[in-house]
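Below you'll find the structure, written out as structure tokens, and then a few comments.
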Amino acid sequence: MSAKIINGTAVAKGIRAECQKRVAGLKAKSNLIPGLAVIMVGDSPASAVYVRNKVRACEDVGIRSTVINFPADTDPETVISKIQDLNRDVNIHGILVQLPLPPQFRINQILGTIDVDKDVDGFHLYNVGGLVIGDTVFPPCTPYGVVRLLEHEGIPLEGRNVVVVGASNIVGKPMALMLMQRDATVSICHAKTRDLAQFTILADILVVAVGQPNLILPQMVKTGAVVIDVGINRLPDGRLVGDVDFEGIREKASHITPVPGGVGPMTVTMLLVNTINSAERSLGIDSPPQYPL
Ligand code: NAP
């Protein structure tokens, strides 16, 4: 078997075209331009690349983005005060704080300052809690992007065995909750899981979000499984790879996402979707039903 390679770039492009139309509609009908504020503390080169990608993606669809940079030694109160200003700013519909933050910050305190209705990353405790009961304001972008990819490929979730490898607050845990919400049977594995392969081999759908190249080898995957590789790893030779042995597993899986060009482009795209949804809600417009939780 040779797996179908899920082209996240192409799926994301289609969704971005819809985003562009929705932004144009908001401008034409209500003279409103969706606004996203991105707060970055410190000068991590990786964060700078992510922020640049988000800004570019916003430009592509007509969202107005503002980046607010603070030096690494900034007092948390200064950032909190800026977030409070942005909460009050009617031209800003989405606020995100680029993670990680320097050590003097308590992440939950910072994220908890963001107005729930502008929390387009979906990391505020209210939004995280909403995932548990299947009713959140903004689904977090990476797992949301994975769900959209699975939907696009027509992969059913109900009753399927899904194994999520990685249990972080921003990917693995919300991913598991969103899949449970769709009636999948979900197992979550993490660094202390004993004998990872005994779980992964049972997966109809395997989602891997760890940050370790070649963690998942072909013998750990069931024939015909759907493999979603969220991991992003830079090898010493400069190549970008995911967490799974792509070449080996594509011979066994039914579907697989490449890295790059799989989940990555979807993450940024779902940020655009969340920001546009927020702008529409600010006018009392319901977001399109094709974007359920
Ligand atoms: P993270 O916060 O470092 O979490 C990694 C998770 O993997 C933790 O839950 C950890 O377990 C688990 N883990 C570590 N070693 C393991 C092992 N040997 N077996 C099973 N589980 C193991 O990372 P993250 O932020 O979730 O990101 C994960 C990866 O996805 C990274 O490569 C990141 O760059 C990538 N990512 C990609 C996108 C995208 O858009 N494609 C978005 C976000 C992140 P413990 O909880 O027990 O420590």
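As the structure lists them, so they are numbered: ligands from 1, and atoms in each ligand from 1. Being a predicted model, the structure only gives us computed values, none of them experimental.
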Below 4.0 angstrom from a heavy atom of [X], which ligand 1 atoms are there? Numbered from 1 as shown, please.
{"X": "Leu215", "result": "18 (N)"}
{"X": "Gln212", "result": "15 (N), 18 (N)"}
{"X": "Ile170", "result": "25 (O)"}
{"X": "Gly264", "result": "40 (O), 41 (N)"}

Look at [atom] and say which protein heavy atom is nearest, naming residue and atom and giving the distance to 0.1 Å.
{"atom": "atom 42 (C) of ligand 1", "answer": "Thr142 OG1, 3.2 Å"}
{"atom": "atom 9 (O) of ligand 1", "answer": "Ala167 N, 2.7 Å"}
{"atom": "atom 47 (O) of ligand 1", "answer": "Ala191 N, 3.1 Å"}
{"atom": "atom 31 (C) of ligand 1", "answer": "Gly211 CA, 3.7 Å"}
{"atom": "atom 14 (C) of ligand 1", "answer": "Val210 CG1, 3.6 Å"}
{"atom": "atom 1 (P) of ligand 1", "answer": "Ser168 CB, 4.0 Å"}
{"atom": "atom 44 (C) of ligand 1", "answer": "Val171 CG2, 3.9 Å"}
{"atom": "atom 20 (C) of ligand 1", "answer": "His190 O, 3.2 Å"}

- Check ion pair Asp117-Arg281 (N to O, under 4.0 angstrom):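 Looking at Asp117 and Arg281, the cut-off is not met.
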
- Task: May I ask you to say whether Glu158 pairs ionically with Arg182, meaning some side-chain N is under 4.0 Å from a carboxylate O?
- Result: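 So Glu158 does not pair with Arg182 through a salt bridge.
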
- Task: Check whether any side-chain heavy atom of Phe70 sits under 4.5 Å from a side-chain heavy atom of Met40, and report yes or no.
- Result: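 No, their side chains stay 4.5 Å or more apart.
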
- Taking the side chain as C-beta and beyond, is there a heavy-atom pair between Leu215 and Leu196 under 4.5 Å?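 Side chain of Leu215 against side chain of Leu196, heavy atoms only: contact under 4.5 Å found.
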
- Message: Show, in sequence, the C-alpha distance, side-chain angles and deciding distance for Arg64 and Glu59, and conclude whether the salt bridge (charged side-chain N to carboxylate O under 4.0 Å, His left out) test is met.
- Response: CA-CA 7 Å; Arg64 183 186 291 140; Glu59 275 168 14; over 6 Å; no

- Query: Should we count CG of Asp75 as having more than 12 external heavy atoms under 6.0 Å?
  - Reply: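 More than 12 within 6.0 Å, yes.
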
Can you tell which part of [X] has a heavy atom less than 4.0 Å from ligand 1: side chain, backbone, both or neither?
{"X": "Met266", "answer": "neither"}
{"X": "Val165", "answer": "side chain"}
{"X": "Val230", "answer": "both"}
{"X": "Thr267", "answer": "side chain"}

- For the pair Asn127 (side chain) and Gly122 (backbone), establish whether a donor and an acceptor sit closer than 3.5 Å, ignoring hydrogens and angles.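 Such a contact is absent between Asn127 side chain and Gly122 backbone.
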
- Item | Test of proximity, Ile232 against ligand 1: N or O pairs below 3.5 Å |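 Looking only at distances, the answer is yes, because the N/O contact criterion of under 3.5 Å is met.
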
- Task: State which residues pass side-chain hydrogen bond (donor to acceptor under 3.5 Å, both in side chains) with Thr200; sequence neighbours excluded, sorted by chain then number.
- Result: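 With sequence neighbours excluded, Thr200 shows a side-chain hydrogen bond (donor to acceptor under 3.5 Å, both in side chains) to no residue whatsoever.
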
- Look up atom CD1 in Ile285 and atom CG in Leu26, then write down how far apart they are to the nearest 0.5 Å.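 So the gap between those two atoms works out to 5.5 Å.
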
- Message: Is Gly172 close enough to touch ligand 1? Criterion: a residue heavy atom under 4.0 Å from a ligand atom.
- Response: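 Distance cut 4.0 Å: Gly172 fails for ligand 1.
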
- Query: Just checking, is any N or O donor in the side chain of Lys252 or Gln219 under 3.5 Å from an acceptor N or O on the other one?
  - Reply: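 Checked: Lys252/Gln219 side chains show no N/O donor-acceptor pair below 3.5 Å.
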
- Item | Pair Asn161-Thr185, side-chain donor/acceptor within less than 3.5 Å |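 Checked: Asn161/Thr185 side chains show no N/O donor-acceptor pair below 3.5 Å.
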
